[in-house]
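Below you'll find the structure, written out as structure tokens, and then a few comments.
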Amino acid sequence: MLETIDIIDAPKYVGQTVRIACWLTDKRSSGKIAFLQLRDGTAFFQGILLKKTSEEMFDLARHDLRQESSMYVTGEIAEDKRSHFGYEIHISNIEKIGDSEDYPITPKDHGIEFLMDHRHLWLRSTRPAALMRIRDRTKRATYEFFSQHGFTQFDAPLLTANAPEGTTDLFHTEYFDTDAYLSQSGQLYEEAGAMALKRVYSFGPTFRAEKSKTRRHLTEFWMIEPEMAFMHQDESLKIQEDYVAYLVKCLMEDCPRELKTVGRDPETLKPFTETPYPRISYDKAIQMLQDGGLDVKWGDDFGSPEETYLADQFKKPVFVLNYPKIIKPFYMLTDPEDDKKYVCADLLAPEGYGEIIGGSERETDYDTLLQAIKDAHLDPKTYQWYLDLRKYGTVPHSGFGMGFERFLCWICLQDHLRETIPFPRMINRLKP
Ligand code: 4AD
Ligand code: MG
């Protein structure tokens, strides 16, 4: 019985006859020779079939096999110095499995909406497949990093009664005879987890009914939310930059081919592996923006032009510290030096990608937090369990949330988040 191998392992089988389970992506042929482009989900390479090997098979290849036909291919692995991958297969037999008639995605240029409508098929193409591999590696690197730093993975519920990030973009659903919302953030639950396990993090989907069509917003996105007991904000910032630098380093080492495929030269990531990242205060940021001629005043939140301008001044990710209270959520710790501000920070990615992390030290005082909940027009009854964390052994604690797709979008130099997740959800897209 012949061994069936993955294309990615072809280098180990040079000179041997093996079987590949694959799909056809493209073909071309002359009277005597056919070149079949093959992919098996692990890599792409070329199969060469000579007419003299078998006329019957040669006819099958020319007439019956179409783009995305599936098959088993038997042949001998050889080096192929001219190709990107460096190896090819000299075909001796083909067993067709599935037909493929009129595959909608052809090598010609399709518009993005067409491709998104065919996302279930488009994922088979080179660039989407590379993005999914980078996503997978980043996910594993996340588990590695937090596990190496003494964190316990701690899942937050997705059906909740509370709204940590404000009530404007909640997805509402009926929950038997009461109301529920899809989770905007696991943070409040992570705070409970941190009081039990010291350092915890969640990594799961979160939901925001973002009504705008921007390239930075999905309605369903994944967030990494670490929360650390007995920790002040400065120590949290260090974890944030070490985490981002670790992810970048892993991708440079393990995904150079995929990075090149999506349009990122891995070498250009090097500066982002070097920490610490610069830190500026919100006040300084306002000053820099005004000096640069942007129309902002103290108290404004930053949009994409402001974030891009600021990060451009540093060519590295940059932390903006201590925003005004009016533009941030209720749970943050009041700045002891200025009660109009919170002890918080956003990490802005360079190269025009804007905020990838939002985080803060958390309010620890029961009465102050209760007042903040009331000021935010939230119902204290819903937050009683959260207030309990301040009633029974309150401690300084800090945490942050990184948008997984925001990070990937930056690293992969995508112009929109939608290609960094298998099936994106946006205001105008629930299918496929
Ligand atoms: O800044 P945000 O809203 O902060 C929180 O949710 C905190 N509870 C996090 C925490 O401290 N545990 O969201 C955090 C990050 C943002 O910096 C951004 O990267 C990403 O989540 N994000 C989105 N990503 C994609 N689509 C959206 N609609 C996003 N909204 C936020
Ligand atoms: Mg934010």
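It should be emphasised that the depicted structure is a prediction, and the values quoted were computed from it without experimental measurement. What's counted below: heavy atoms across the whole structure, side chains too, no hydrogens, waters or symmetry copies.
- Ring orientation note: the planes of His120 and His118 are close to parallel, at an angle under 30° on the 30°/60° scale.
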Does Phe114 form a ring-ring contact (aromatic ring centres under 6.0 Å, His included) with Trp122? I'd like the steps, not just the answer. CA-CA 10 Å; Phe114 178 89; Trp122 185 29; 9.8 Å; no
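- One distance of note links CD1 of Ile357 with CD of Gln240; it measures 4.5 Å at 0.5 Å rounding.
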Would Leu408 and Leu131 satisfy side chain to side chain contact (heavy atoms under 4.5 Å, CB included), going step by step from the backbone distance to the final call? CA-CA 8 Å; Leu408 292 172; Leu131 277 161; over 6 Å; no
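- Remark: Tyr72 OH is loosely packed, at most 12 non-hydrogen atoms of other residues, nucleotides or ligands lying under 6.0 Å away.
- Note on Asp136 versus Arg140: salt bridge recorded, some NZ/NE/NH1/NH2 to OD/OE distance being below 4.0 Å.
- Note that Lys139 lies in the cation-pi zone of Trp222, set by a 6.0 Å cut-off to the ring centre and a 45° limit from the axis.
- Note that CD1 of Ile89 and CD1 of Ile77 are 4.0 Å apart. Values are rounded to the nearest 0.5 Å.
- The minimum heavy-atom distance between Lys315 and Phe272, with the atom names listed, is O-CE2, 3.6 Å.
- To the nearest 0.5 Å, atoms CD1 (Ile356) and CG (Leu347) are separated by 4.5 Å.
- Considering Arg362, Glu363, Glu191 in turn, Glu191 is the only one that fulfils the side-chain hydrogen bond (donor to acceptor under 3.5 Å, both in side chains) rule with His397.
- The pair Asp283-Lys341 counts as a salt bridge, with a side-chain nitrogen and a carboxylate oxygen less than 4.0 angstrom apart.
- Ring planes of Tyr383 and Phe330: perpendicular class, angle over 60° (limits at 30 and 60°).
- Of the residues Leu247, Ile411, Ile224, the one that meets the side-chain contact (heavy atoms from CB on, under 4.5 Å) test with Thr138 is Leu247.
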Report the C-alpha separation of Thr261 and Arg257 in whole Å, then their side-chain angles, then the decisive distance to 0.1 Å, and conclude whether the side chain to side chain donor-acceptor pair (under 3.5 Å) test is met. CA-CA 6 Å; Thr261 300; Arg257 195 179 3 219; over 6 Å; no
For Asp234 and Lys238: C-alpha separation, side-chain torsions, deciding distance, then whether salt bridge (charged side-chain N to carboxylate O under 4.0 Å, His left out) applies. CA-CA 7 Å; Asp234 48 353; Lys238 185 159 172 3; over 6 Å; no
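- Among Met71, Lys96, Gln37, the single residue meeting the side-chain contact (heavy atoms from CB on, under 4.5 Å) criterion with Leu24 is Met71.
- A donor-acceptor contact under 3.5 angstrom links the side chains of Asp291 and Gln287, judged on distance only.
- Salt-bridge formation is not detected for the pair Lys328/Glu165: no Lys NZ or Arg NE/NH1/NH2 atom is positioned less than 4.0 Å from an Asp or Glu carboxylate oxygen.
- Annotation: Asn428, atom CG; neighbour count of heavy atoms from other residues, nucleotides and ligands within 6.0 Å is above 12.
- Counting only distance, with no hydrogens or angles, the side chain of Glu361 and the backbone of Ser398 share no donor-acceptor pair below 3.5 Å.
- In summary, Arg429 and Asp117 engage in a salt bridge, as defined by a charged side-chain N under 4.0 Å from a carboxylate O.
- The shortest distance between side-chain heavy atoms of Leu321 and Ile280 does not fall below 4.5 Å.
- A salt bridge links Arg19 to Glu95: at least one charged side-chain nitrogen sits closer than 4.0 Å to a carboxylate oxygen.
- Using the six-membered ring where Trp is involved, Tyr282 and Phe302 have ring planes that are parallel, under 30° apart on the 30 and 60° scheme.
- By the 6.0 Å contact criterion, CG on Asp375 is enclosed, its count of non-hydrogen atoms from other residues, nucleotides or ligands being greater than 12.
- Taking the six-membered ring wherever Trp is involved, the centroid distance between the rings of Phe404 and Phe203 falls below 6.0 Å.
- Using a 3.5 Å distance cut-off with no hydrogens or angles, the side chains of Glu190 and Tyr201 do not pair a donor with an acceptor.
- Ring-centre distance between Phe44 and Trp23: not below the 6.0 Å cut-off.
- For Gln148, the CD atom sits in a packed shell: over 12 heavy atoms of surrounding residues, nucleotides or ligands are nearer than 6.0 Å.
- Salt bridge annotation for Glu307-Arg216: present, with a cationic side-chain nitrogen under 4.0 angstrom from a carboxylate oxygen.
- To the nearest 0.5 Å, atoms CD1 (Ile327) and CG (Asp301) are separated by 4.0 Å.
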Determine whether Met252 and Val248 satisfy the following criterion, side chain to side chain contact (heavy atoms under 4.5 Å, CB included), listing intermediate values before the conclusion. CA-CA 6 Å; Met252 287 179 72; Val248 174; 4.3 Å; yes
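- The closest side-chain heavy-atom distance from Thr173 to Leu159 is below 4.5 Å.
- Remark: Phe171 CZ is packed, more than 12 non-hydrogen atoms of other residues, nucleotides or ligands lying under 6.0 Å away.
- Between Glu88 and Lys81 no salt bridge is recorded (no basic side-chain N to carboxylate O distance below 4.0 Å).
- No side-chain donor from either of Ser69 and Tyr103 sits under 3.5 Å from a side-chain acceptor of the other.
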Step by step, would you call Phe145 with Ile239 a side chain to side chain contact (heavy atoms under 4.5 Å, CB included)? CA-CA 10 Å; Phe145 178 86; Ile239 291 180; 4.1 Å; yes
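- Taking the ring pair (Phe, Tyr, Trp, His ring centres under 6.0 Å) definition, one finds that Tyr181 meets it with His172, sequence neighbours left out.
- A salt bridge does not link Arg199 with Glu227: every distance from a Lys NZ or Arg NE/NH1/NH2 to an Asp or Glu carboxylate oxygen is 4.0 Å or more.
- Taking the six-membered ring for Trp and the full ring otherwise, Phe45 and Tyr87 have centroids separated by 6.0 Å or more.
- Under a 4.0 Å N-O distance rule, the pair Glu419/Arg135 does not qualify as a salt bridge.
- Rounding to the nearest 0.5 Å places CG of Leu333 at 10.0 Å from CG of Asp365.
- Between Arg137 and the options Glu253, Glu144, Glu258, a salt bridge (Lys or Arg N to Asp or Glu O under 4.0 Å) holds for only Glu144.
- Using a cutoff of 4.0 Å between basic side-chain nitrogens and carboxylate oxygens, Glu241 and Arg279 are scored as salt-bridged.
- Taking a 6.0 Å sphere around CG of Asp265, one finds it holds more than 12 heavy atoms contributed by other residues, nucleotides or ligands.
- Both cation-pi conditions hold for Arg390 and Tyr386: the charged atom is under 6.0 angstrom from the six-membered ring centre and inside a 45 degree cone around its axis.
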Please walk me through it: do Val318 and Tyr277 pass side chain to side chain contact (heavy atoms under 4.5 Å, CB included)? CA-CA 6 Å; Val318 52; Tyr277 297 155; over 6 Å; no
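- Under a 3.5 Å cut-off, the side chain of Arg28 and the backbone N or O of Leu36 do not form any donor-acceptor pair.
- Between the CG atom of Asp26 and the CZ atom of Arg39 there is a distance of 12.5 Å, given to the nearest 0.5 Å.
- Neither side chain, Gln153 nor Tyr143, offers a donor N or O lying under 3.5 Å from an acceptor on the other.
- In this structure, Phe146 and Phe151 have perpendicular ring planes: the angle between them is above 60°, well past the 30° mark.
- Residues Glu68 and Arg124 are paired through a salt bridge, judged by an N-O separation under 4.0 Å between the basic side chain and the carboxylate.
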